[in-house]
Amino acid sequence: MQKLVSKVTDNTNFYMNHSPIELIEKYGSPLYVYNEKILREKMRDMKNLVSYENFAVNYSAKANSSLAILEIANEEDLNIDAMSPGEIYAELKAGFSPEKIFYISNNVSKEEMQFAIDNNVLLSVDSISQLDQFGQINPGGKVAARFNGGIGAGHHEKVITAGKNTKFGIDPDEIELFNQTLNKYNLKLVGINQHIGSLFMEPDKYIDGVYSVLSIAKQFKDLEFIDLGGGFGIPYNKLDEDYKCLDLKALGKKLDEIFEDFTKEYGKKLKFKIEPGRYISAECGVLLGTVHAIKNNCGNKYAGTDIGFNVLARPVMYDSHHDIEVYRKSNEKSEKTEPITVVGNICETGDIIAKNRILPTLKEGDILGILDAGAYGNVMSSNYNNRLRPAEVLIRENGEVVLIRKRDTLDDIIKNFVSLK
Ligand code: LLP
């Protein structure tokens with residue numbers, strides 16, 4: 001096998017004693033491949049972010065909720081957040097005890113709230129309207145609430161979740177009504193939380209967000225925790241020579257200072273939580289796919305692959321960049337590089353993974369590795385065009401490869417439909 005572009009996975013020894021070609025031959029294409037060692041390292045980075053003791057990392061399962069990934073998060077003693085009963089269900093199945101799960105609800109039915117209550121999972125409400133409904137079904141209960149501290153950040157406007165243009169959080173101007181609603185149902189507010197948005201590379205905005213949530217926290221007596229949210233970014237452009245990583249050391253140091261100062265002012269050593277999703281699971285995942293066609297169309301060169309936006313939605317949804325590696329089974333060399341648009345097999349013109357990307361001259365049968373696909377990859381995949389969601393494999397720390405999600409079958413595609421015949 002030749003590796004035409006493989007700097008990143010060579011540096012991290014991503015495939016260990018395996019080759020991407022062998023993995024595709026065994027498990028089919030496209031295929032999500034995860035590396036357990038990298039995953040655990042990222043989990044530990046987050047656990048060691050600060051030295052303040054009363055600190056917890058809630059892995060944000062929405063980034064990758066494959067059962068095996070959740071099981072590893074549990075083994076690493078992380079806490080976990082949930083966005084739906086489905087995530088709570090999977091997390092309980094993965095072995096998390098209910099007190100480690102934090103359900104950050106958003107516009108949910110009373111039945112969904114009841115599901116959390118029945119499973120002893122703490123729920124955060126996202127509006128006074130929802131707090132009132134929670135009070136109706138669980139008077140005297142414990143609850144948390146998400147506030148909009150006014151500071152938002154993120155890699156795309158669609159993922160900025162605080163500030164003026166978002167549906168999320170309770171407006172701090174409404175604290176009086178919020179308190180009245182708590183009192184009306186004798187609810188105990190145990191924690192407040194926020195999430196400014198997804199993917200920041202400079203700590204400043206996060207720190208501003210922390211100050212804003214702390215100023216809200218001071219208005220409540222006797223909280224048990226403050227959850228600062230996620231958003232910790234990863235560099236998606238590692239093939240650039242001068243890419244930068246998030247400076248976790250500087251961020252952690254600043255957070256430590258803030259936590260100590262806050263403790264003095266509040267008079268109690270509260271628990272501080274963070275909720276990283278992408279930071280933990282993005283870099284442990286590569287999406288492998290196959291080039292099936294090369295063509296020129298009106299002056300543009302295309303590589304047609306099986307990596308449609310049903311498999312990886314991020315480039316189409318947010319114009320996101322993912323680095324691409326190229327592996328080839330034959331010995332045929334590609335000396336030249338050229339701009340090529342890498343597209344999928346979905347029946348839409350917008351089905352583009354990378355536009356005019358400079359790659360070695362590709363040919364049919366080449367295998368592409370789409371890097372940093374472990375977060376918001378397979379969780380956002382779909383069966384659009386009745387295509388099968390890919391399999392997922394995990395390269396364990398001892399080098400063994402295990403299948404952690406089977407590829408869909410054709411029967412999976414139709415099994416929930418009811419025929420008129
Ligand atoms: N906490 C809450 C309440 C969130 O809504 C999110 C992400 C997180 C934590 C974790 O954020 P992270 O650390 O992963 O940035 N699909 C988009 C990202 C959407 C993020 C939604 N909320 C993408 O592919 O970029």
Side-chain angles (χ1 to χ4, degrees), residues 39 42-43 45-46 49 56-65 69 73 78-84 87 91 101-108 122-127 144-149 151-163 166-170 191-203 205-206 209-210 213 225-236 246 248 251 272-285 287 309 311-322 353 370-382:
L39 175 67
K42 300 296 170 186
M43 290 178 173
D45 283 354
M46 286 286 114
L49 181 66
V57 177
N58 287 358
Y59 169 52
S60 200
K62 68 175 78 58
N64 188 324
S65 52
I69 305 283
L78 301 188
N79 288 8
I80 196 146
D81 76 10
M83 297 292 141
S84 65
E87 285 190 356
E91 291 163 7
I101 304 176
F102 184 35
Y103 179 28
I104 302 178
S105 76
N106 176 241
N107 307 330
V108 303
L122 180 68
L123 174 148
S124 158
V125 292
D126 193 46
S127 59
R146 176 170 179 171
F147 280 89
N148 179 356
I151 311 286
H155 67 84
H156 188 281
E157 63 180 23
K158 288 180 185 163
V159 302
I160 297 175
T161 48
T166 180
K167 65 173 179 167
F168 290 108
I170 297 168
I192 65 169
N193 56 296
Q194 74 160 7
H195 173 66
I196 62 169
S198 198
L199 207 166
F200 62 88
M201 292 305 286
E202 299 292 337
K205 272 279 161 95
Y206 194 74
V210 171
V213 74
F225 71 85
I226 299 170
D227 178 341
L228 307 171
F232 303 82
I234 62 115
Y236 279 97
L246 180 62
L248 286 184
L251 177 58
F272 282 100
K273 305 185 187 194
I274 56 167
E275 267 163 29
R278 183 191 316 272
Y279 185 89
I280 285 178
S281 60
E283 289 170 291
C284 78
L287 169 61
F309 71 87
V311 176
L312 181 71
R314 301 193 70 254
V316 167
M317 214 160 159
Y318 319 108
D319 286 327
S320 298
H321 171 97
H322 284 260
I353 298 284
I370 312 294
L371 302 186
D372 305 315
Y376 307 109
N378 216 11
V379 281
M380 289 174 69
S381 67
S382 76

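Throughout, residue positions are numbered sequentially from 1 according to the sequence presented. Atoms within each ligand, like the ligands themselves, are counted from 1 in listed order.
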Met317 near ligand 1 by a heavy-atom separation under 4.0 Å:
no
Of the backbone atoms (N, CA, C, O) and the side-chain heavy atoms from C-beta on, which set of Ser198 has a member under 4.0 Å from an atom of ligand 1: side chain, backbone, both, or neither?
both
Is Met380 close to ligand 1, meaning an N/O of one under 3.5 Å from an N/O of the other?
no
Angle between ring planes, Phe232 versus Tyr206, binned at 30° and 60°: parallel, tilted or perpendicular?
tilted
Among all protein heavy atoms, pick out the one at the shortest distance from atom 1 (N) of ligand 1; state its residue, atom name and that distance to 0.1 Å.
Glu275 OE1, 2.5 Å
Roughly how far apart are Ser381 OG and Leu312 CG, rounded to 0.5 Å?
9.5 Å
Can a cation-pi geometry be assigned to Lys273 and Phe102, taking NZ or CZ under 6.0 Å from the six-membered ring centre and within 45° of the ring axis?
yes
Any N/O pair Tyr376/ligand 1 closer than 3.5 Å
yes
Which residue owns the protein heavy atom closest to atom 19 (C) of ligand 1, what's the atom, and how far is it?
Val159 CG1, 3.9 Å
Residues two or more places apart in sequence or in another chain: which of them pass salt bridge (charged side-chain N to carboxylate O under 4.0 Å, His left out) with Glu283?
Lys42, Lys238
So, Ser105 side chain and Val108 main chain: donor-acceptor pair closer than 3.5 Å or not?
no
Among all protein non-hydrogen atoms, which one is nearest to atom 21 (C) of ligand 1, and what is the separation to 0.1 Å?
Lys62 CD, 3.8 Å
For Leu371, does its backbone N or O pair with a side-chain atom of His322 as donor and acceptor, under 3.5 Å?
yes
Contact partition for Asp81 relative to ligand 1, non-hydrogen atoms under 4.0 Å
side chain
Heavy atoms only: which of His195, His155, Arg314, Arg278 lies closest to atom 11 (O) of ligand 1?
His195
Classify the contact between Tyr318 and ligand 1 as side chain, backbone, both or neither, using a heavy-atom distance cut-off of under 4.0 Å.
side chain
State, without any angle test, whether Asp45 and Tyr279 hold a side-chain donor-acceptor pair at a distance under 3.5 Å.
yes
What part of His156, side chain, backbone, both or neither, has a heavy atom within less than 4.0 angstrom of ligand 1?
neither
Determine whether any heavy atom of Pro276 lies closer than 4.0 Å to an atom of ligand 1.
yes
Would you say the ring centers of Phe168 and His195 fall short of 6.0 Å from each other?
no
Backbone or side chain, does any N or O of Gly231 fall under 3.5 Å from an N or O of ligand 1?
yes
Is the number of heavy atoms from other residues, nucleotides or ligands within 6.0 Å of NZ (Lys205) greater than 12?
no
